[in-house]
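Below you'll find the structure I mean.
Keep in mind it's a predicted model, so treat the numbers as computed, not measured. Numbers here simply count residues along the sequence, with the first being 1. Indexing begins at 1, ligand by ligand and atom by atom, following the structure's order.
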Amino acid sequence: MNISALCKPSVGEGGRTGDWRDVRPVIDHTKCIPATKGKAACFLCWLYCPEGVVAMSIPVHIDMDYCKGCGICAEECPPNAIRMVREEDADE
Ligand code: SF4
Ligand code: SF4
């Protein structure tokens, strides 16, 4: 059984749940540990995200189609590399 397949976000009854979001996480990659160290480390945002939308990649990537904007990743990030930004103030 491929357990990782169970963790991947997919369209469910709620559709693209990212549409529910009022605020979005924005990562400052100059503070994010994997990006600054150049190696797989930390990833607490991946660990704590209840939606499974954070990729353990360098740089860390968040799937905005499904991120609900709960802010848990920002709360758990040790160097405060994630800030929550109102959707209307976000660049993308
Ligand atoms: S918790 Fe913060 S520092 Fe750690 S990987 Fe995620 S964004 Fe980077
Ligand atoms: S805001 Fe919530 S849903 Fe979005 S990446 Fe962070 S922990 Fe996951």
Side-chain angles (χ1 to χ4, degrees):
M1 181 172 64
N2 184 352
I3 294 176
S4 64
L6 299 176
C7 300
K8 291 180 179 173
S10 62
V11 177
E13 291 183 2
R16 290 186 182 274
T17 50
D19 292 343
W20 302 359
R21 204 175 48 233
D22 291 324
V23 291
R24 66 165 54 197
V26 174
I27 301 173
D28 181 346
H29 294 290
T30 67
K31 294 181 181 177
C32 175
I33 293 169
T36 58
K37 301 288 186 188
K39 62 182 181 182
C42 186
F43 294 129
L44 290 182
C45 48
W46 168 84
L47 181 65
Y48 283 103
C49 175
E51 304 302 326
V53 298
V54 180
M56 292 178 69
S57 56
I58 304 173
V60 171
H61 175 74
I62 298 173
D63 186 341
M64 289 300 166
D65 285 345
Y66 298 98
C67 165
K68 292 179 181 171
C70 67
I72 292 173
C73 55
E75 286 292 322
E76 298 297 337
C77 177
N80 295 315
I82 304 176
R83 63 191 176 96
M84 302 304 292
V85 177
R86 293 194 61 79
E87 280 298 320
E88 57 265 34
D89 297 331
D91 290 339
E92 50 184 275

Under the side-chain contact (heavy atoms from CB on, under 4.5 Å) criterion, do Met56 and Trp46 qualify, and how do the steps go?
CA-CA 7 Å; Met56 292 178 69; Trp46 168 84; 3.3 Å; yes
N, O or S of Cys32 under 2.8 Å from atom 8 (Fe) of ligand 1
yes
Quick one: pull up CG in Asp63 and CZ in Arg16 and give me the separation to the nearest 0.5 Å.
8.0 Å
I'd like to know whether CD of Glu75 has more than 12 heavy-atom contacts from other residues, nucleotides or ligands below 6.0 angstrom.
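No, the 6.0 Å shell around CD holds no more than 12 heavy atoms from other groups.
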Testing Ile72, Ile82, Val85 for side chain to side chain contact (heavy atoms under 4.5 Å, CB included) with Pro25, which one passes?
Ile82
Any N/O/S atom of Cys77 sitting less than 2.8 Å from atom 4 (Fe) of ligand 1, backbone or side chain?
no
Gly52 near ligand 2 by a heavy-atom separation under 4.0 Å:
no
Answer whether the closest heavy-atom distance between the side chains of Ile27 and Pro59 falls below 4.5 Å.
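No - every pair of side-chain heavy atoms lies 4.5 Å or more apart.
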Quick one: does Arg24's side chain get under 4.5 Å of Cys67's, heavy atoms only?
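Not in contact.
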Using a strict cut-off of 4.0 Å, indicate which atoms of ligand 1 neighbour a heavy atom of Ile33.
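Numbered from 1, ligand 1 contributes 3 (S), 8 (Fe).
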Quick one: which ligand 1 atoms are inside 4.0 Å of a heavy atom on Pro79?
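Answer, ordered by atom number: 3 (S).
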For Pro50, counting its heavy atoms only, list the atoms of ligand 2 lying under 4.0 Å from any of them.
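Reading through ligand 2 atom by atom, the close ones are 7 (S).
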Which ligand 1 atoms are under 4.0 Å away from a heavy-atom of Phe43?
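Checking each atom against Phe43, I get 4 (Fe), 5 (S).
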Kindly compute the distance separating NZ (Lys31) from CZ (Arg83), expressed to the nearest 0.5 Å.
9.0 Å
Going hydrophobic residue to hydrophobic residue with side-chain gaps under 4.5 angstrom, can you get from Leu47 over to Ile33?
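Looking at the clustering, Ile33 is in a separate group from Leu47.
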Once you restrict to heavy atoms under 4.0 Å, what part of Pro34 touches ligand 1? Side chain, backbone, both or neither.
side chain
Between Pro34 and Phe43, which heavy-atom pair has the shortest distance, and what is it?
CG-CE2, 3.7 Å
For atom 4 (Fe) of ligand 1, the protein heavy atom that lies nearest, with its residue and separation:
Cys42 SG, 2.2 Å
May I ask you to list the protein N, O or S atoms found at less than 2.8 Å from atom 6 (Fe) of ligand 2?
Cys73 SG
CG of Asp22 to CD of Glu88, rounded to nearest 0.5 Å, is 8.0 Å
